[in-house]
Amino acid sequence: MSSGDDPVVETDKSQHFKTGQLRQFGYNFFRSGDLFAPLTDIPVGPDYIVGPGDTIIVSAWGSLEGTYPLEVNRNGEIQLPRIGPLKVWGVTYERLPQLIRNNLAKVFRDFNVSVTMGKLKVIKVYVVGEVANPGDYNLNSLSTVINALSAAGGPLKSGSLRNISIRRGGKLVETLDLYDFFLSGDKSRDVRLQPGDTLFVPVIGPIAGIAGNVRRPAIYELRNEKNLHDLLNLAGGLLPTGYLQRVQISRIEAHTRKTISDFNLDTKKAESAPDSVAQTIPVRDLDLVRIFPIDNTQRDQVRLEGYVLRPGDYALKPGLKISNLLLPDNILPEYYREAGELTRLVPPDLHPEKIIFNPAKALAGDPAHDISLTEFDTVRIFSRVEMEELPKVRIGGEVQRPGEYRLFKNMAVRDLLIMAGNPKLTAYLKSAEIARIRKSGESVVSYPITIDVEKVLAEDPKANIPLEPFDELTIRRIPNWSEETDRYVTLKGEFVFPGTYPVYKGEHLSSVIARAGGFASKAYLPGTKFTRISVQQEQQKRMDEILARTEQDIAEKQSELASVATSKEELEATRSSLEALLRNVEHLKKVKAEGRMVIRLKPLDEFRGSNHDLELAGGDVLEVPARPNSVNVFGQVYNTSTIIHEQGEPLTYYLEKSGGATKDADMDEAYVIRADGSVSSRQNAPSSFIFFDSFMSTELNPGDSVVVPQRMQRTAWLREIKDITTIISQIALTAGTVMLGLR
C-alpha cells in the first residue's frame, strides 16, 4: 500500500461472488470440422474387413515374381494371376495373406508372398439427430464414430454427448459416452464404422452446472451421476481456494419454484469427510452448484512500508518486533530517526489505531519503542526529507547552474561554487555578495557579506567562509559585458553588405550603416522599417492590456444591449456589430506587436548626427527595401488592388483607379499608412476649405497604402462602438496588420 493510513486488511470491502458465463462441457471439441479426420497413411489393423473398393497389393518372389495391385470388385472378388477370381469380401486383414497364399499354392511352388493394403474403400454412413449437419457422409473406411460426428459438425448443444448410439443392420451395436474420451482419453468404445452404419445423437439428458472454485467449471450432462460428489469429479475436483463451509445449490422444483440450499463440507465442522458428505447431497436436472472462495485476506503477516529498501509483507513469527524488520541492510540512509508509525487493527471490529515510535530507540532495543508486532500490523518508516526542512542555500548570477542546493555539514563557499558548475567567464571575481539571515528572538534581520571569489577559488581559508542555512550567494557580471543577443544588430535589404554586425556601447545607427558599405543603389529610404526588442515588449504589454480592457467593454455592452435598443432591427444590428468586434479582438490576440519605430533615413552624410541617428541596442533590426513602384488600396472599394505609382498624383487618383468607394465605405475614417509606418488621416490633415479637401488631395508615395473602412450601421450606440473600433484599429497597426471593418 502507498499510504500508512491504509491498514493491511481492507475490512470495508466485500468479496462479491460472480459465476460468470458457464459453458456446456465438451461441445468445443467439435469447433473444427477436420479436428478428428481419420489418418489414411497408417497400417490397417488385423480386424479390418475387406470389401468392394479396397485395393490389395500382393508382392511375390520365387517361382512367382512381381507386384500386383488387385482391386476388390463389386462382387467382392480379386483376380489372382493364373488363378482367377478369389472372393475376399468380409475377410479380415489378419486372414487375408493366408487366404491368398493358399490359393496361389494350387499352381505355384517354392514362392513367398507379402500382402498389404493400398487404396482403401469409401463407406457411406448416416449421422442423424441433434447434430449441426445431419445427413449421409462418405468417409474413409478407417473412420470411427468421432470422425463421423466431426464431419457432421458435432452435436448441437441440445444434443447428448453421453448417449450416442451406433446401429448396424437395424441393431444397436454400441453406445458411446464422449465424456470417457474427453475426461480420461478412453476411445475403447469409439468403434470403427461399417458401410451403412447409422449414428444417432439424442436430445441432451439432465444437466447441472458447477461454478466457482473448481478446476473445470462448466455445465455437465448427467448420466450416472446422482450426487454432488459425482458432479465434483466431472469438474476435476475442488480447488484449494474453495470455501467448504458454504456450498450452495440453486434448484428448480419442477413447474413450481426456484430454491437455494446451503451445505457444509468442512471436515472440521462436519462429522465425516467432505467426499462422504458430498455423496449424501443429491444433484438434479438444472441444478447450479456454487463453490465460493475462501477469504482472500493474507493472514499471519505484517507489512513494512515507506523509506526502506525492501518494503512489503513479512511473515509474522512468534516474538517478532519492529527491530526484526529494520535490519541494517533494509533501512535506507538518512531515515528519520525520531518517529515512525505503527498502524494496528484493534479487535473486535478491527478499527485502525496509530502508534508513534522512535526507530532509533527501537533499533537500540528500547522496549518502549521496540514493540512486539501482531497480525496485520503496518510499520512505516519516514525519510528526513519528508519530516524535516533540510537546510538549503542558493546561488545566482554568473554561474553555470544557478539554483537551490542542500547545505551539508561544514559546507563553505567554494563547495557551493563547485556544485553550481563554477563561475562563468563573464563573472566578476573581485567581489561577490552573500545575503545572510540572522534570527533574533521573534525577528529576522538580513545583512550582506562581501567576499573575494578569486581568493575563494584559490582556497584561501579566510575568504572561503562556512555557509549557513538560507545563505544566498550572488556572483556579479563583469561591468559592460554584454550577452550575445545584446551585442548584435541586423541590417537587411538594400545595403552594400547586409548582415549581422556586432555593436559597441554608444555606437549609433549611422556607424553600422557605414560599416555595411552604405546604402545600395536601389535603396528606398522612405520605406525603412526599424524594430527594437524593448519597444516590441512594451508594445506587446500595452496591446495585451488594451485588448483585455476592450474585451471587457464589449462584454458589458452585450449585457446592456437588450435594455437600450429602441427596436428589434437596432438590437440585431448592434448585436452583430459587437460580435464582429469580439472576433477582431480574438484575432488580434493571436498576433504579436512588431516593435517598429518610425525613423526617417536620409543619405548617410545627412543622416549622421541627426535626431533619427539612434544609439543602437542589441537585437535591433534595420530593413531598407528596394524602391517599390506601386500603391496599395484596401477596404471598401470596388476593386481592392495594387496600382502603379504616378508621381504627384493625390489620394483621389488611386481611389478612382480602384473603382471608387462603395456605398458601405466610411470615407470620414479613411487613412493612409505610409511606407515608413506612419499614418495620415483626415483628423491630422491640414484644414480643408469649402471646395478643397486637403486629405483627399494628399500626395502618395511609392509603398503607401490607402485603407477605406466599412461604415457602421447607425444605431443609438454608434459613438460607443465607433470608439471601440478605433481602438482595435490602432492595436492592429501596432501589430503590423490592418482591420478593414467589422468582420
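This chain uses plain numbering: 1 for the first residue, then up along the sequence. Worth knowing before you read on, the calculation uses all heavy atoms, side chains too, and leaves out hydrogens, waters and symmetry mates.
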Student check: side-chain heavy atoms of Ile465 and Arg436 closer than 4.5 Å
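Yes, at least one pair of side-chain atoms sits under 4.5 Å.
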
Are Ile475 and Leu417 close enough that some pair of their side-chain heavy atoms sits under 4.5 Å apart?
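With C-beta onward as the side chain, the pair touches.
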
Nearest non-hydrogen partners of [X] and [Y], listed with the distance:
X: Ala420; Y: Ile395; value: CB-CG2, 3.7 Å
X: Ile533; Y: Gly619; value: CD1-CA, 3.7 Å
X: Tyr654; Y: His645; value: OH-CD2, 3.3 Å
X: Tyr488; Y: Val503; value: N-CG2, 4.4 Å

State, without any angle test, whether [X] and [Y] hold a side-chain donor-acceptor pair at a distance under 3.5 Å.
X: Arg476; Y: Ser431; result: yes
X: Glu594; Y: Thr531; result: no
X: Asp676; Y: Thr528; result: no

Sub-3.5 Å donor-acceptor pair from the side chain of [X] to the main-chain atoms of [Y], do we have one?
X: Glu507; Y: Tyr504; answer: yes
X: Asp544; Y: Lys541; answer: no
X: Tyr524; Y: Pro702; answer: yes
X: Arg608; Y: Asp613; answer: no
X: Glu305; Y: Arg380; answer: no
X: His612; Y: Ile599; answer: no

Output yes when Lys657 and Glu649 qualify as a salt bridge under the 4.0 Å nitrogen-oxygen rule, no when they do not.
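No.
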
Could you tell me whether Lys522 and Glu494 make a salt bridge, using a distance below 4.0 angstrom between a side-chain N and a carboxylate O?
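No, Lys522 and Glu494 are not salt-bridged.
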
Contacts of type salt bridge (Lys or Arg N to Asp or Glu O under 4.0 Å), residue [X], not counting sequence neighbours:
X: Lys430; answer: Glu454
X: Glu338; answer: none
X: Glu545; answer: Arg542

Should we count [atom1] of [X] as having more than 12 external heavy atoms under 6.0 Å?
X: Arg406; atom1: CZ; value: yes
X: Tyr405; atom1: OH; value: yes
X: Asn639; atom1: CG; value: yes
X: Ile644; atom1: CD1; value: no

Return the CG to OG distance between Leu616 and Ser510, rounded to the nearest 0.5 Å.
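Spacing of CG (Leu616) from OG (Ser510) equals 8.5 Å.
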
Could you give the distance from CG (Asn611) to CG (Leu614), rounded to the nearest 0.5 Å?
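The CG atom of Leu614 is 9.5 Å from CG of Asn611, to the nearest 0.5 Å.
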
